[in-house]
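A quick write-up on the structure given underneath.
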Amino acid sequence: MPDSCGDGEGPATLSGWLELLEARHGASICLGLERVSEVLAVLGSSSSALVIAVGGTNGKGSICAMLEAILCAEGYRVGRYTSPHLLRYNERVHIEGVEVGDEVLAAAFADVETARGNVPLTYFEHGTLAAWQVFCAARLDVIILEVGLGGRLDAVNAVDADCAIVSGVAMDHMDYLGDTREAIGFEKAGIFRAGCPAICGDPEPPQSLIEHARAIGAELWVCGRDFGFKGGHQQWSYWRNEMPCSARREARINRGGLAYPALRGANQLFNAASVMAALDALRSRIPVSMQAIRQGLMRVELPGRFQVLPGQPLVVLDVAHNPQAVEVLAENLDGLGFAPETWAVFGMLADKDVEGVAERMSARVDHWLPCSLSGHRGLDSETLTGRLRAAGVERRKIAEGFATPAEAFAQAREHAAANDRIVVFGSFLTVADVLAAIQDRR
């Protein structure tokens, strides 16, 4: 049982709160803003900080991390809320680039518990409101909020954003968001606000996203149309039109000589360009120098996003868990150069497109090491093996299943040659378990 503070108001520690919330709520996902808005009104917390909401299928975490790094480099007081975490819940809530401590988070959870009364909240909703409490008490300049799922009905959307970024739209969470890009695009566009900048990093956005922005009067900037980038061998450049939707070349502004983001992968330029577009759109309220942009992009860190560990064999950690993200992972692996054999430590959740993911990685993987993931959504290794075979993966390439990702990783380390590579992917849970094992080993 969670440790109690003894006064009936809830646990005394953050771990106690997390244990309580995990046990209390049967449904991990329950979309809708009514419950969160009701509790938010009771809390009565407010902030004068500028709010940036970040949604999209893939790339949200990278965009949030880049925004935080750049704005901190400029000297702003910044709060950042993201999900899920890898090793510690505190990773979700940052102030000035530093994880918020257990005591502060536990106190915020208690505030939300008192305010909610009989209103049921999911684990994510309770955590989102707690993060908002922390930020409101911290007198911040900028608050960055990552959308958990979708956008329109996500708990984060209970807070009006001064600027919203949609990184891209791909097929994921179809049970909740719809089974077409148009349906998913409409849900993602729900974080846009009338009269506010709406940045879209997808060069081919669904028409539903464009039409929704137009219908509510949002100021839509689309990558490739209103802003974009060009990549060189050692540097890249960003451009934007003086006015959104302007096609006049003479109205184009260019910023060159930019160092590539510290986050690996060619796809990070789409994210970096979206970040710069948002900062351009907000420049009258939070001006940012090119020096801060350069410093932020060079210093940004985010574990589990094409994270390459030093040593032999080469180890790549990537939380990619849908076909679009895994396709990017495959392209990034090609950019690393030749490896005699690739070992895949692979674990996924049951509601994900396992077959679509496997098909996009099958040509790059020589040895599949399927592993079980815990929780009611986790696939066991036996079922995962069957779905790999259904995707056309040869039986001889699939090892006998493992109870945990850490066990699969240990097997890969034991059998991989020095020049081989090990790729850990498929879920945040897969990467988290391996990261924890690596830290314990160290």
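If you look at Phe402 and Phe409, their ring centroids are not closer than 6.0 Å. The aromatic ring centres of Phe109 and Tyr89 sit less than 6.0 Å apart. Tyr81 has its ring centre no less than 6.0 Å from the ring centre of Phe135.
Counted by atom type alone, Arg92 and Thr82 present zero donor-acceptor pairs between their side chains at under 3.5 Å. Side-chain atoms of Ser289 and Glu74 include a donor-acceptor pair closer than 3.5 Å.
Classification of the Phe346-Trp368 ring pair by plane angle, with boundaries at 30° and 60°, yields perpendicular.
At least one side-chain heavy atom of Val319 sits less than 4.5 Å from a side-chain heavy atom of Arg305. Inter-residue side-chain proximity for Ile95 and Val78 is flagged as unmet; no heavy-atom pair is nearer than 4.5 Å. With a 4.5 Å cut-off on side-chain heavy atoms, Ile184 and Met171 count as touching. Counting only heavy atoms from C-beta outward, the side chains of Phe186 and Leu177 never approach each other to under 4.5 Å. The shortest side-chain heavy-atom distance between Leu333 and Val316 falls under the 4.5 Å cut-off. Looking at heavy atoms from C-beta onward, Thr114 lies out of side-chain contact with Arg116 at the 4.5 angstrom threshold. Side-chain atoms of Trp132 and Val112, non-hydrogen and from C-beta on, never get closer than 4.5 Å to each other. At least one side-chain heavy atom of Pro261 sits less than 4.5 Å from a side-chain heavy atom of Leu269.
Interatomic distance, NE2 of His126 versus CH2 of Trp17, reported as 5.0 Å (0.5 Å rounding). Asp280 contributes atom CG, which lies 5.5 Å from atom CH2 of Trp221 (distance to the nearest 0.5 angstrom). One distance of note links CD1 of Ile422 with CD of Gln411; it measures 10.5 Å at 0.5 Å rounding. Here Arg181 contributes atom CZ and Glu204 contributes atom CD; the two are 7.0 Å apart, rounded to the nearest 0.5 Å. In this structure, CZ in Phe428 is found 9.5 Å from CG in Asp318, a value given to the nearest 0.5 Å. Here the SG atom belonging to Cys371 is positioned 7.0 Å from the CG atom belonging to Leu384, to the nearest 0.5 angstrom.
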Stepwise salt bridge (Lys or Arg N to Asp or Glu O under 4.0 Å) test for Asp172 and Lys352: CA-CA 7 Å; Asp172 200 8; Lys352 298 299 180 182; 3.1 Å; yes
Trace of the salt bridge (Lys or Arg N to Asp or Glu O under 4.0 Å) decision for Asp162 with Arg285: CA-CA 10 Å; Asp162 298 285; Arg285 296 184 60 181; 3.1 Å; yes
Phe270/Ser274 under side chain to side chain contact (heavy atoms under 4.5 Å, CB included): CA gap, chis, key distance, verdict: CA-CA 6 Å; Phe270 283 95; Ser274 297; 5.5 Å; no
Leu220 vs Ile210, side chain to side chain contact (heavy atoms under 4.5 Å, CB included): CA-CA, chis, key distance, verdict: CA-CA 8 Å; Leu220 181 63; Ile210 297 173; 4.2 Å; yes
Test salt bridge (Lys or Arg N to Asp or Glu O under 4.0 Å) applied to Glu219 and Arg193, step by step: CA-CA 9 Å; Glu219 185 184 337; Arg193 292 295 188 269; over 6 Å; no
Pair Ile143-Ile52, side chain to side chain contact (heavy atoms under 4.5 Å, CB included): steps then yes or no: CA-CA 6 Å; Ile143 297 173; Ile52 303 174; over 6 Å; no
Worked verdict on Asp334 versus Arg364 for side chain to side chain contact (heavy atoms under 4.5 Å, CB included): CA-CA 8 Å; Asp334 291 344; Arg364 276 96 172 172; 2.7 Å; yes
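At distances below 3.5 Å, not a single donor-acceptor pair connects side-chain atoms of Arg255 with backbone N or O atoms of Arg240. A distance-only check finds no donor-acceptor pair linking the side chain of Glu146 to the backbone of Ala53 [under 3.5 Å]. Using a distance-only test at 3.5 Å, with no hydrogens or angles considered, no donor-acceptor pair links the side chain of Asn90 to the main chain of Glu99. Between the side chain of Ser372 and the backbone N or O of Ser381, at least one donor-acceptor pair lies under 3.5 Å. In this structure, Arg283 contributes its side chain and Val288 its backbone to no donor-acceptor pair below 3.5 Å. Between the side chain of Asp154 and the backbone N or O of Leu149 there is at least one donor-acceptor pair closer than 3.5 Å. At distances below 3.5 Å, at least one donor-acceptor pair connects side-chain atoms of Ser37 with backbone N or O atoms of Leu33. Side chain of Asn157 to backbone of Gly190: a donor-acceptor contact under 3.5 angstrom is found. Under the 3.5 Å distance criterion, the side-chain polar atoms of Asn332 are left unmatched by any main-chain donor or acceptor of Gly265. Listed for the Glu182 side chain is a donor-acceptor partner under 3.5 Å among the backbone atoms of Ser208.
For the residue pair Gly228 and Cys223, the shortest heavy atom distance occurs at CA-SG, 4.4 Å. The two atoms that bring Glu68 and Ile144 nearest to each other are N-CD1, 3.6 Å, heavy atoms only. Closest of all the heavy-atom pairs between Gly56 and Val166 is CA-CG1, 4.1 Å. What you find for Leu373 and Pro405 is that their closest heavy atoms are CD2-CG, 3.7 Å. Across all their heavy atoms, Val39 and Ala115 have their closest contact at CG1-CB, 4.0 Å. Contact record, Val169 with Asp202: N-OD2, 3.1 Å, taken as the closest heavy-atom pair.
Surrounding CG of Asp179 are at most 12 heavy atoms belonging to other residues, nucleotides or ligands under 6.0 Å away.
Ionic pairing of Asp351 and Arg377 is present here: one or more N-O contacts between side-chain nitrogen and carboxylate oxygen are shorter than 4.0 angstrom. Between Glu382 and Arg387 there is no salt bridge, since no side-chain N of the basic residue sits under 4.0 Å from a carboxylate O of the acidic one.
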